[in-house]
Structures are given as structure tokens and as C-alpha cells.
Amino acid sequence: MGIINESGKIIIAIDGPAASGKSTTARLLARKLGYTYIDTGAMYRSVTLKALEAGMLERLHENPEEIEPLLDNIDIAFDGDRVFLDGRDVTAAIRENRVSRHVSFISSLKPVRDILKQMQRNMGGRRGVVMDGRDIGTVVFPDAELKIFLIADASERARRRYAELVQKSGDNNSVPSVDELEREILQRDKDDAARTHAPLKKHEDAVEVDTSGLTIEEQVTLVYNLALEKTAV
Ligand code: DC
């Protein structure tokens, strides 16, 4: 049983594999409920960017514990849809392919997971949050009143990711092909599910939602109705 505070606000955990629709669903759901949206993938991406900029990636594969000084006093903050790393706006930089390629490795490191888990628990402490990631329902907030596990076909996820990248870059020549994206997505799913610390997995209480044939509106409405059921007690 989760604890619903006096304001009736709850914690909603949305987990699932890459490009399953988590962030779009979570963001719109938070807006509809008047909740705060927290994109925990952006936090792992920010740490990855910091390691890349420090030129540490290669060394970390040999000596993962060298990540620790980098985590001292790290500051990751959200302002609406923008993400700030140590006070700098990194919203665009954390979506670059070089970050996507290394984020599974960085997120497999225990010191990284420990510090981000603590930050996420602090951010959700007052409830009224929608948090998306891979381990929110299983590790960060196992007492979240509503846990959703979103899935979708790999080919559909690759098509969505392609459309999103083309829209963002404004030109489809600089974007990897749908096949290439599908291979990357499947590899990332495998890495995220196989890691030792907090692997991607569905909590037994989570409601599984397959978004393959659904529009964004349908996904949001479905999850919104589940949230209303939880807050109406
Ligand atoms: O959701 P995303 O693609 O932005 O996430 C980037 C990576 O961060 C993903 O490959 C796995 C990792 N991640 C994680 O390990 N735990 C989370 N709660 C969120 C993301």
C-alpha cells in the first residue's frame, strides 16, 4: 500500500524499454494532473555527458570507481522541459548520439545509481510526481501508488525514434536509418535488462501497457484514468 498524503497526491512510476513512449506519456500525464514530471533518463544522460566532457570514458571501462569524484557535488536540475547540469543548460547535448551510445554503461555503475536514486527520492519526497525510467517502480519508489510498465514493438519504437530525430534535426540525412536505430534500441534493451544493479524489469504490481497500436492521446488517457482510480480512494 502506498501512502497518500493530505493533498491526495500520489507518485506515478512509468518504466519500460527505450522509446516505448515513456517520456511523452509521462510529460503529458503530469501536465493533466498538475504534477511535476521527472525524466530520470535525462539524469543518467547528464552524468554520461559529464564523464565524456571530462574525457574519462575509456579509463572508466578499466577503473569504474574513478567515476566517484565526478559525482561529488554534481548538480542536476529541471526547469520545465529543460535540464541543467552544474548550472548549464544541457537539454540538447544529452540527446546527442555520443551520449546515447555510452549511457547504458554509465548507468550500470553502482555509485552512479546510488547517487541518482537518492536525488530522485528527494525530488519525489513531497509526492505529486510522475517519474519515468527503468527502475522507478522496482527500486526508487517501490511504494508508488501507480506503477506502469510501457512496452512497444521494437520496429515501432525505431520508427518513432526516427521521426523524433528527423523532427529535431530538421534533416533526415544526418539521422541514422530506421534499421540502425532498431539495432541500437535492441542492444540498449539487452544491456539495461542484463546489468547487475537495478536492471530493467517489470514490478509485479505494475500495469503493463502495450503502446504499439496506440496514439499518444490514447496512451495518456489510459494512464490518466488509472491515476484517477488511484486518487479517488
Ligand atoms: O530513457 P532514456 O533513453 O533517456 O534513458 C537513457 C538510459 O539511462 C537508458 O539506456 C538506461 C538508463 N536509465 C536507467 O538505467 N535508469 C533509469 N531510471 C532511467 C534511465
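Each ligand, and each atom within it, is numbered from 1 in the order the structure gives. In this chain, numbering begins with 1 at the start of the sequence shown.
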Under the salt bridge (charged side-chain N to carboxylate O under 4.0 Å, His left out) rule, what do R27 and D81 come out as? Steps first, then yes or no, please. CA-CA 9 Å; R27 178 174 287 118; D81 287 345; 3.0 Å; yes
Under 3.5 Å, side-chain donor or acceptor atoms of residues 69-80 against the rest of the protein: list the pairs with distances, not counting sequence neighbours.
none

Among D39, L49, V47, L85, exactly one meets side-chain contact (heavy atoms from CB on, under 4.5 Å) together with I94. Which residue is that? L49
Should the pair K32 and Y224 be classed as cation-pi, given the thresholds of under 6.0 Å to the six-membered ring centre and 45° from the axis?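 Geometry flag: set, cation within 6.0 Å and 45°.
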State yes or no: do V223 and Y35 share one hydrophobic cluster built from I, L, V, M, F, W and Y residues joined by side-chain heavy-atom distances below 4.5 Å, directly or via other members? yes
Is it true that F105 and H61 have ring centroids separated by less than 6.0 Å? yes
In a simple table, one pair per line, please give the protein and ligand 1 atom names for every N or O pair closer than 3.5 Å, along with the distance.
residue: ligand 1; atom: 1 (O); partner: R134; partner atom: NH1; Å: 3.0
residue: ligand 1; atom: 3 (O); partner: R45; partner atom: NH2; Å: 3.3
residue: ligand 1; atom: 3 (O); partner: R134; partner atom: NH2; Å: 3.4
residue: ligand 1; atom: 3 (O); partner: R188; partner atom: NH1; Å: 3.1
residue: ligand 1; atom: 4 (O); partner: R45; partner atom: NE; Å: 2.7
residue: ligand 1; atom: 10 (O); partner: R188; partner atom: NH1; Å: 2.8
residue: ligand 1; atom: 10 (O); partner: D192; partner atom: OD2; Å: 3.0
residue: ligand 1; atom: 15 (O); partner: R113; partner atom: NH1; Å: 2.9
residue: ligand 1; atom: 15 (O); partner: R113; partner atom: NH2; Å: 3.4
residue: ligand 1; atom: 15 (O); partner: R195; partner atom: NH1; Å: 2.8
residue: ligand 1; atom: 15 (O); partner: R195; partner atom: NH2; Å: 3.0
residue: ligand 1; atom: 16 (N); partner: R113; partner atom: NH2; Å: 3.0
residue: ligand 1; atom: 18 (N); partner: T40; partner atom: OG1; Å: 3.0
residue: ligand 1; atom: 18 (N); partner: R134; partner atom: N; Å: 3.1
residue: ligand 1; atom: 18 (N); partner: D135; partner atom: OD1; Å: 2.8

